[in-house]
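Written out below as structure tokens is the structure these notes cover.
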Amino acid sequence: MSQERYDRQVRIWGTEGQKKINNTKILLVGAGGTGCEIIKNLTLLGFGEIHVVDLDIIEISNLNRQFFFYDDVVGKYKAEVAVEKARILNPNIKLFNYNEKVQNISQDILISCDYYISALDNISARLFLNQKAIELDKPLLDCGTEGFLGHVQVVIPKKTPCLVCQDLWVHPEMNFKCTYAIYPRTPLDCALEARDKFYIEKNRLPDSDNEDDIKILLKLAREHAEKFNIIGIDTEIIKDSLKGTVESIITTNSIIGSVLVNELVKLVLHNSEISEKLELQIINFFQFQGKTETGWTIPLKRNKNCPVCSIDQVKISVDKEIPLIQLVQKLNRQINTFIGLPLLIKNNTIIFREKIHLNDIDSKITKDEYKRLLDLETKSLSDILKESDSILLKDESTGMKFKIKIQYN
Ligand SMILES: [Zn+2]
């Protein structure tokens, strides 16, 4: 491979550093606004192998920022077109595209890649990647943007907090959520926090047409804003925070995509002479607010009770007379992260499966199996589980697995 192409950056990290980059394999999930920026950066820097996963097709509304896509490719797969265009930017790179969900990517590819990047707009794929990163010991770089707001988080398995450690992604119905402000700086940040609090308290999402809901949100947002000396919370801001469609601008995408790949380069060069010489420091969490043009690096702490990266068994104390379905609800609350489709297994036998209630259930479930599982849901625990039994909780939407130990009160 001709190194002349990389001459200007080799002047910074030397041929050894460039070789490390050329030999690095990346799994990138998400080829949207920030994803396009990331693909461009990875390709031009010379990352040797890039696997791009995205199930979406290109829509006209993507064209304001996703610069690999022109009018003539509307309707085609994002991953496919992005990879085609990236090959023009740098023909030395091995590029692969997968027009499907990351949950369907083969284990071989997950194992072969050195780093994972998530540039996603939904929680379940993010948590799937987080789980795999911890399981297979691969550093994960996560990012998200929403309008002027954006973040980058660097997860080094068992060393820095994973995405579940922070409780940032706990609300199942907010699957569209893209980013999160740890320290609010704007009225909208406070309104989003109020939306989350409302969800936790009421166990439902607020309704933007319900005046009582808006009043509660106004109160919650103002309380939160007061703590951070933020003013300007009004009904309009509250209503903005309830919009499901994510706002997106290329400037924020571009900043976040650059910060993320900059962190990746530092990770690749980490523990080398050049890294020490250049005094490179890897961050934990970076938050950007474009309205005030400010960015903060925030040190996060690992959660020693995190069910994904810290403990290998979740203990739960329950009354033995409660029905099985109630145990599932309790587990969801205790684990405190997004569990979309819980599945409980005892001694290789499924004892609970949320998925049976979905219309699109695959035909592999027989009527007898459906009936058996439905009956179990209302049976009391003592009929199904013995004290100190161990069961496995799986989430069929994120692939997360948790070992559960039951104790009766
Ligand atoms: Zn964790």
Side-chain angles (χ1 to χ4, degrees), residues 27 29-30 102-103 105 107 110-111 113-144 151-172 174-175 177-183 193 196 199-200 260 263-264 266-267 270 282-287 296-316 328 330-343 390-405:
L27 177 78
V29 188
V102 63
Q103 286 92 329
I105 296 300
Q107 184 84 349
L110 293 171
I111 291 171
C113 289
D114 305 304
Y115 295 88
Y116 299 165
I117 298 175
S118 80
L120 287 155
D121 59 2
N122 74 86
I123 301 178
S124 47
R126 233 182 200 118
L127 292 181
F128 172 82
L129 213 52
N130 183 63
Q131 170 83 20
K132 286 292 170 191
I134 305 296
E135 238 177 75
L136 302 172
D137 196 21
K138 310 280 182 181
L140 163 70
L141 295 101
D142 176 70
C143 68
H151 83 268
V152 172
Q153 184 174 349
V154 179
V155 177
I156 303 171
K158 314 254 173 179
K159 292 203 174 83
T160 68
C162 80
L163 302 185
V164 173
C165 279
Q166 298 308 313
D167 295 351
L168 301 183
W169 312 102
V170 296
H171 317 307
M174 289 175 192
N175 203 18
K177 196 165 168 174
C178 284
T179 189
Y180 192 95
I182 290 184
Y183 296 135
E193 177 69 25
D196 291 7
Y199 183 85
I200 293 167
L260 184 143
E263 287 309 309
L264 175 66
K266 290 190 285 180
L267 278 172
H270 192 57
I282 295 158
I283 58 115
N284 228 195
F285 192 98
F286 172 76
Q287 185 184 314
W296 308 266
T297 55
I298 302 164
L300 300 178
K301 277 202 179 127
R302 271 185 79 193
N303 172 0
K304 62 182 192 326
N305 293 317
C306 173
V308 174
C309 76
S310 291
I311 50 169
D312 56 25
Q313 195 171 51
V314 178
K315 287 185 182 144
I316 183 160
V328 177
K330 273 178 182 283
L331 282 169
N332 271 3
R333 273 199 295 277
Q334 181 154 341
I335 287 171
N336 202 22
T337 192
F338 174 84
I339 308 275
L341 290 172
L343 173 84
S390 284
I391 49 174
L392 186 70
L393 167 66
K394 267 188 172 178
D395 179 3
E396 291 192 87
S397 71
T398 63
M400 290 196 290
K401 290 178 214 152
F402 309 94
K403 280 188 213 152
I404 310 289
K405 188 150 188 131

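Computed from a predicted model, the values in this text were never measured in an experiment. Numbering of ligands and ligand atoms starts at 1, following listing order. In this chain, numbering begins with 1 at the start of the sequence shown.
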Practice item. Count, excluding waters, the protein N, O or S atoms that are closer to the Zn ion (ligand 1) than 2.8 Å. Key: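 N, O or S atoms of the protein closer than 2.8 Å: 4.
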Exercise for review: Just jot down the side chain to side chain donor-acceptor pair (under 3.5 Å) partners of K138, sequence neighbours excluded, or say none.
Suggested key: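 Here no residue qualifies.
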Check your understanding: Has the side chain of R126 got a donor or acceptor atom that lies under 3.5 Å from a matching backbone atom of C143?
Key ->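 Such a contact is found between R126 side chain and C143 backbone.
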Check your understanding: Under the side chain to side chain contact (heavy atoms under 4.5 Å, CB included) criterion, do I156 and L267 qualify, and how do the steps go?
Key -> CA-CA 10 Å; I156 303 171; L267 278 172; 3.9 Å; yes
Exercise for review: List the steps, then state whether side chain to side chain contact (heavy atoms under 4.5 Å, CB included) holds for F128 with V29.
Suggested key: CA-CA 11 Å; F128 172 82; V29 188; over 6 Å; no
Review point. Should L129 and L27 be marked as a side chain to side chain contact (heavy atoms under 4.5 Å, CB included) after you check the CA-CA gap, both sets of side-chain angles, and the distance that decides it?
Key: CA-CA 10 Å; L129 213 52; L27 177 78; 4.0 Å; yes
Check your understanding: For D395 and L341, what are the C-alpha separation, side-chain angles and deciding distance, and is it a side chain to side chain contact (heavy atoms under 4.5 Å, CB included)?
Key -> CA-CA 5 Å; D395 179 3; L341 290 172; 3.9 Å; yes
